Amino acid sequence: MATRTKARPKVRVTESDFDKLTAVSQAPRAPTPGAELLIEELERFSIVPDHSDRRLKFVRLGSKVTYRDLSMQKERTVRVGLPGEADVDENRISVLAPVGAALIGLTVGDVFRWTGPDEKLREIEVLSIED
């Protein structure tokens with residue numbers, strides 16, 4: 001299970017994304033580390049209107065995100081989506097993957113830390129976001 005290691009950054013989500021994420025988190029399935037992390041994060045989201053100012057950049061469903069895995073010192077660019085949209089060959093990750101759950105709601109410069117099921121610290125930093 002994911003555990004807190006330091007204060008987590010503020011996270012935002014649009015009203016419609018919140019509804020979709022809530023539905024995904026409540027769908028029956030075997031527990032996974034990413035699903036558990038998403039459920040934890042749902043409690044922390046600040047919900048913003050769907051038509052909020054797009055200059056307020058944060059990771060939304062469908063966002064293309066470049067992040068750095070600080071543990072491995074590697075950069076990766078992915079598109080974050082719902083489970084049925086995940087495709088490794090297209091660099092599309094699900095919000096039910098630990099990194100996908102961690103990225104939702106973050107802004108450029110945010111660092112998100114969590115402990116994985118292997119008890120290893122994971123850290124990612126958001127470098128850029130495209131809608």
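Here the structure is a predicted model, which means the values were calculated and not measured. Worth knowing before you read on, the calculation uses all heavy atoms, side chains too, and leaves out hydrogens, waters and symmetry mates.
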From CA spacing to verdict: side chain to side chain contact (heavy atoms under 4.5 Å, CB included), V111, L70: CA-CA 9 Å; V111 174; L70 298 174; 3.9 Å; yes
Side chain to side chain contact (heavy atoms under 4.5 Å, CB included) evaluation trace for K20 with V24: CA-CA 6 Å; K20 292 173 188 172; V24 166; 5.5 Å; no
Residue pair Q73, R68: steps toward the side chain to side chain contact (heavy atoms under 4.5 Å, CB included) verdict: CA-CA 6 Å; Q73 291 303 311; R68 177 179 294 119; 3.9 Å; yes
Candidate pair E41 and R8, rule salt bridge (Lys or Arg N to Asp or Glu O under 4.0 Å), full reasoning: CA-CA 10 Å; E41 290 301 287; R8 290 186 174 169; 2.8 Å; yes
All ring-ring contact (aromatic ring centres under 6.0 Å, His included) counterparts of Y67, not counting sequence neighbours: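 Checked Y67 against ring-ring contact (aromatic ring centres under 6.0 Å, His included); zero matches.
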Tell me whether [X] contacts the main-chain N or O of [Y] through its side chain, where contact means a donor paired with an acceptor under 3.5 Å.
X: D17; Y: L61; result: yes
X: S94; Y: L96; result: yes
X: E85; Y: L82; result: yes
X: D87; Y: R92; result: no

Intermediate values then yes/no, salt bridge (Lys or Arg N to Asp or Glu O under 4.0 Å), R122 and D69: CA-CA 8 Å; R122 297 287 314 270; D69 183 320; 3.1 Å; yes
Residues R79, E130: salt bridge by 4.0 Å N-O rule: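 Not counted as a salt bridge, because no side-chain N and carboxylate O are separated by less than 4.0 Å.
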Salt bridge (Lys or Arg N to Asp or Glu O under 4.0 Å) between D131 and K57, intermediate numbers included: CA-CA 8 Å; D131 290 330; K57 289 273 189 195; 3.7 Å; yes
Note, L21 side chain near L42 side chain (heavy atom, < 4.5 Å):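 SC-SC contact between L21 and L42 confirmed.
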Residue pair D19 / T22, side-chain donor-acceptor N/O under 3.5 Å: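 Absent: no donor and acceptor within the cut-off.
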